[in-house]
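Take a look at the structure below.
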Amino acid sequence: MSNENFQSRFDPGNADARWQAAWDEARCFEADSASSKPKSYVLEMFPYPSGRIHIGHVRNYTMGDVLARYRKMQGFEVLHPMGWDAFGMPAENAAMEKGVHPAGWTYDNIATMKGQLKQLGFALDWSREFATCDASYYGHEQALFIDLFKAGLVYRKESEVNWDPVDMTVLANEQVIDGKGWRSGADIEKRKLNQWFLKITDFAEDLLDGLGTLEDWPQKVRLMQENWIGKSQGLEFSFELSNGEKLPVYTTRPDTIFGASFVAVAADHPVAQSLDSDAARDFIALCKKGGTTAAELETAEKLGFDTGITAKHPFTGAELPVYIANFVLMDYGTGAIMAVPGHDQRDFEFASKYSLPIPRVVASSLEEAGKPFAGEAEAGDGVIVNSGFLSGMAVEEAKREVITRAEAGGWGKGTTVWRLRDWGVSRQRYWGTPIPFIHCETCGVVPVPKEQLPVKLPEDVSFEQPGNPLLRHPTWKHVACPKCGGAAERETDTLDTFVNSSWYFLRFASQPADTPFDPAEIATWLPVGQYIGGVEHAILHLLYARFWTRALAHIGKLEVTEPFASLFTQGMVTHETYSRKIDGREVYFTPAEVDRSGTGAVLTADGAPVDIGKVIKMSKSKKNVVDPEDIIRDYGADAVRWFMLSDSPPERDLPWSEAGIEGCGRFVQRLWRLFAQCGNGGAGADANHDRALDRKLNQTVAAVAADIEALSFNKAVARIYELVGAVEKAELSSTRSDAIRKLAILVSPMMPHLAEEARAQFNLGIGLVAEDRWPEVDPALLVDDEVTIAVQHMGKLRDTLTAPKGAPKEDLEALALASEKVQRSIDGATIRKVIVVPDRLVNIVT
RNA sequence: GCCUCUGUGGCGGAAUUGGUAGACGCGCUCGACUCAAAAUCGAGUUUCUUACGAAGUGCCGGUUCGAGUCCGGCCAGAGGUACCA
């Protein structure tokens, strides 16, 4: 027992920093592109430097870290980098609220957060770190943007923004609350601006097809992207209008054409814009109210304006009224629709409101042709009714028939329409990548010559008034035209921050000074072997990154088209909220301010109770946050890491619990005590072998490896608990000491500091655990030779019995029928059938 | 509104993918050690029932010898919804 006097407790306050320094010194985690080992690129979504690391980051980076450390132990050369998604709105908000410069605020935050990440002992290659707000990063982005422009993938067009008429500025969607500006409180309206766009729609088909190759992506993400891209087959045809013009419309349901009872156009549509009446102008102005989000547009009350124009139905010749409708989008299809209220819910609501006919043209059978609607549209499948030559056809057949007739008659054609819209990348803001173009009155829009890149942000800006500081900067935008040398102006819009995050993973893999990346080096690392991040990025970030990669491949910069071979989307960290109503407003308190030891919750400061709210995602606004640094100080990095991996499956939400982290802290010490016993009880020649423990050890090594590879960390944790329990209970033997040595390796991806400290203190091995190999498994020890068989009568469990593995069916049946409990249950009834599943169960059917 | 996902003990969850529901952990209860407490160790812990046993995986129905798992219909919550990142 002499070992136990060594040090009875593991002291993370002492050990953590020491081992972090040891890994740094040995440069364990710097990736060598020239290595002959197989390569593995493990990447977590890089953080926005908001100020301090939050628990969601800790969870995300712990998962990646376990995988990176495990892959390294499996003999891979691992690239596991980290950097900063450093442009964005919060820096400008801080500038306005606190009077600090966005750059200073951002780089201070990065310094703080880097220190916090270091305390967690992540196996990161910090030599590749950068921030997207470094001119050495965004300058290359500007060069790529110009390349895409030259390839015809960048263009300008008018597009709507949220306009705050009081602050005279553009607002982000999240800054519009209930249709009002968050600072001014003014009613927000839609306003058109000339903006920059990327032609993601050129790649719609390819982005859709590519999803089929992403077998290691979650099915739900692929489905979401598929629906977002939204390929639809339909009919485009033109109505002849009573004013003599033609109105092209697009429909995905040509089969319901006989059910059309009116026609609707968007407020921006030329037909609407050309109306010369105050009432029409007032209605179009009404449609301008409110923000631009889809959720707002689609949930708003359906409103329409009868233009007085009519449209002639191509088959019946009926004159249908043409409305301006607020739910028709100019961006989708032709900006005009044939409305079939019986079989589209939006059209149904509109028709009900304006007392328009709602004919039925689809029913479950021809006999149901006269059935009334039950207060809502029927969008489902069925047979066509009340539709002349289409009646009696199935929906799909009718679609084909209408398209055929339209094409034959020359008044329409079958077309493919995409829901996906081009990517608007213009932002009327300061803290982003300047769009590297110059507007010249004689030469038009001219790219900045590459030798003049990067176009750097000016530092002397003020945020005392709302709006884009670049626009009102006294000198910055005034430059000579690169073509004609005349007076010209810089573009003052900056790029969407999603552009920054669309290629950072390339820059991590290769970062030459003079070009964005070296294609040969990219080829050694890409695609990313495992990408891990929040499911909230399932569509936008991941689709934009897929597009940007394709676009670069299209212009010959890259070979890869899919940047992320395998994707994992993690859940959020949640906690209950604490609040009080003070003067009618909900005031929130952090868990650290609240004592939860009794039945309710009381504020430590005044001892009076607070209300306990729902368990929701940790957020600053609800104050239900825990600062990782506090927990690391109290329990050590390994306990925090272990908690992040325990219990909850990584794709699900993780409820933070004080009791849970305490339990993890206790487990760290329990392991420490076990490691201390390694030398005990015979590493000698006469040491006995414990076959059962050896089997358990081998099974655990194999299972933990499989669980880590599947990112099922909660299952790996449960396996380790089981093994620890078995080792603790086992008699002293050489097997037991061997198990303890291997246990230190097994837990090292999760608890690297403890593993290193225990190995050094108790002689569990040579060298750094981080540099060691994953234990070999003896396949012969993986299978048990006895199995437990369930015996059922009519599907209900009546008995269990033990049988040798692989026992023949007849033996199992005989054993089952011999059971007294089974016989009592059968009670003399005639046995009709016996189902035997080898090594599993016997079910007797009477 | 639309798209996607989730729902199992007091709590987080497991279940070899159609074959013993509740592994493992947290919490709680009892016991050992201690003058006492903490720590640690041991036993127990789905519900109902004295027991035999029965019920049970959000709700309703279906397929099957057998359903947490598959199918249909609901309900609730979460994420996204193109300028939060």
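Reminder, nothing fancy here: chain letters follow the sequence lines and each chain counts from 1. Everything numeric in this text was worked out from a predicted model, so none of it was measured.
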key: From NE2 (A:His793) to CD (A:Gln823), nearest 0.5 Å   = 10.0 Å

request  = State the pairing partner of B:rU34; accept Watson-Crick or G-U wobble contacts with both distances under 3.5 Å, and report none otherwise.
outcome  = none

message = Give me the distance, rounded to whole Å, that separates B:rG44 from B:rG10 when you measure between the C1' atoms they each carry.
response = 15 Å

request  = If B:rU17 has a Watson-Crick or G-U wobble mate with both distances under 3.5 Å, name it; if not, just say none.
outcome  = none

request  = Would you mind telling me which of A:Tyr544, A:Trp196, A:Phe197 makes a ring-ring contact (aromatic ring centres under 6.0 Å, His included) with A:Trp423?
outcome  = A:Tyr544

note = Under a 3.5 Å limit on both distances, the Watson-Crick or wobble mate of B:rG72 is B:rC60

task = Check whether the side chains of A:Thr169 and A:Asp164 place a donor and an acceptor atom closer than 3.5 Å, and report yes or no.
result = no

remark   = For B:rA67, the nucleotide meeting Watson-Crick or G-U wobble distances (both under 3.5 Å) is none

key: Whole-Å C1' distance, B:rG9 and B:rA14   = 13 Å

ask   = Phosphate oxygens OP1/OP2 of B:rC83: is one of them under 4.0 Å from a side-chain N or O of A:Arg427?
value = yes

request  = Take atom C1' in B:rU46 and the same atom in B:rG22, then report the distance between them in whole Å.
outcome  = 7 Å

ask   = With both distances kept under 3.5 Å, what pairs with B:rU45, Watson-Crick or G-U wobble?
value = B:rG27

query = Taking only side-chain nitrogens and oxygens of A:Arg824, does any of them come within less than 4.0 Å of OP1 or OP2 of B:rG53?
reply = yes

key: Contact under 4.0 Å: A:Asn714 side-chain N or O vs B:rA14 OP1/OP2   = yes

query = Taking for each residue the nucleotide of RNA chain B with the nearest heavy atom, is it A:Tyr721 or A:Phe498 whose nucleotide lies nearer the 5' end?
reply = A:Tyr721

ask   = Does A:Arg673 pair with A:Glu728 as a salt bridge, N-O distance under 4.0 Å?
value = no

query = Base, sugar-phosphate, or nothing: which does A:Val221 touch, judged by heavy atoms less than 4.0 Å apart?
reply = nothing

query = Quick one: is A:Thr497 getting a side-chain N or O under 4.0 Å of the B:rA85 phosphate, OP1 or OP2?
reply = yes

ask   = How far, in whole Å, is B:rG77 from B:rA85 if one measures between their C1' atoms?
value = 23 Å

query = Does A:Arg652 make a side-chain N or O approach to OP1 or OP2 of B:rG7 shorter than 4.0 Å?
reply = yes

query = Are the ring centres of A:Tyr721 and A:Trp642 closer than 6.0 Å?
reply = yes

message = Return the pairing partner of B:rC52 with a 3.5 Å limit on both distances, Watson-Crick or G-U wobble; otherwise return none.
response = none

Criterion side chain to side chain donor-acceptor pair (under 3.5 Å) against A:Gln195, the qualifying member of A:Gln428, A:Glu158, A:Glu160 = A:Gln428

task = Using atom CG of A:Leu198 as one end and atom P of B:rC83 as the other, report the distance to the nearest whole Å.
result = 12 Å

ask   = Roughly how far apart, to the nearest Å, are B:rU45 and B:rC52 at atom P?
value = 15 Å

inquiry  = At less than 4.0 Å, is any side-chain N or O atom of A:Arg666 found next to OP1 or OP2 of B:rG27? Yes or no.
reply    = yes

message = Less than 4.0 angstrom between a side-chain N/O of A:Lys796 and OP1 or OP2 of B:rA54, yes or no?
response = no

query = Quantified in whole Å, what is the P atom distance between nucleotide B:rA23 and nucleotide B:rG72?
reply = 32 Å

key: Along RNA chain B (nearest heavy atom to each residue), the more 5'-positioned of A:Lys715 and A:Val170   = A:Lys715

inquiry  = Can you tell me whether the side chain of A:Arg429 and the base of B:rC83 have a donor-acceptor pair closer than 3.5 Å?
reply    = yes

query = Going by distance alone, is a donor N or O of one side chain under 3.5 Å from an acceptor N or O of the other, for A:Thr433 and A:Asn500?
reply = yes

request  = Using the P atom on both, measure B:rU8 against B:rG58 and round to a whole Å.
outcome  = 6 Å

task = Report yes or no: is there a donor-acceptor pair, N or O only, under 3.5 Å between the side chain of A:Glu174 and the base of B:rC83?
result = no

Nucleotide nearest A:Val845 when distance is taken to its side chain, options B:rU4, B:rG42, B:rC65 = B:rC65

ask   = So, is A:Asn227 close to the B:rC2 phosphate, meaning a side-chain N or O under 4.0 Å from OP1 or OP2?
value = no

Span that lies between the C1' atom of B:rU69 and that of B:rU64, in whole angstrom = 13 Å

task = Look at the side chain of A:Asn843 and decide which nucleotide, out of B:rG66, B:rA23, B:rA21, has an atom nearest to it.
result = B:rG66

message = Only pairs with both distances under 3.5 Å count, Watson-Crick or wobble alike; so what is the partner of B:rG1 in this structure?
response = B:rU81

ask   = Between B:rA78, B:rA14, B:rA82, which nucleotide gets closest to the side-chain atoms of A:Met572?
value = B:rA78

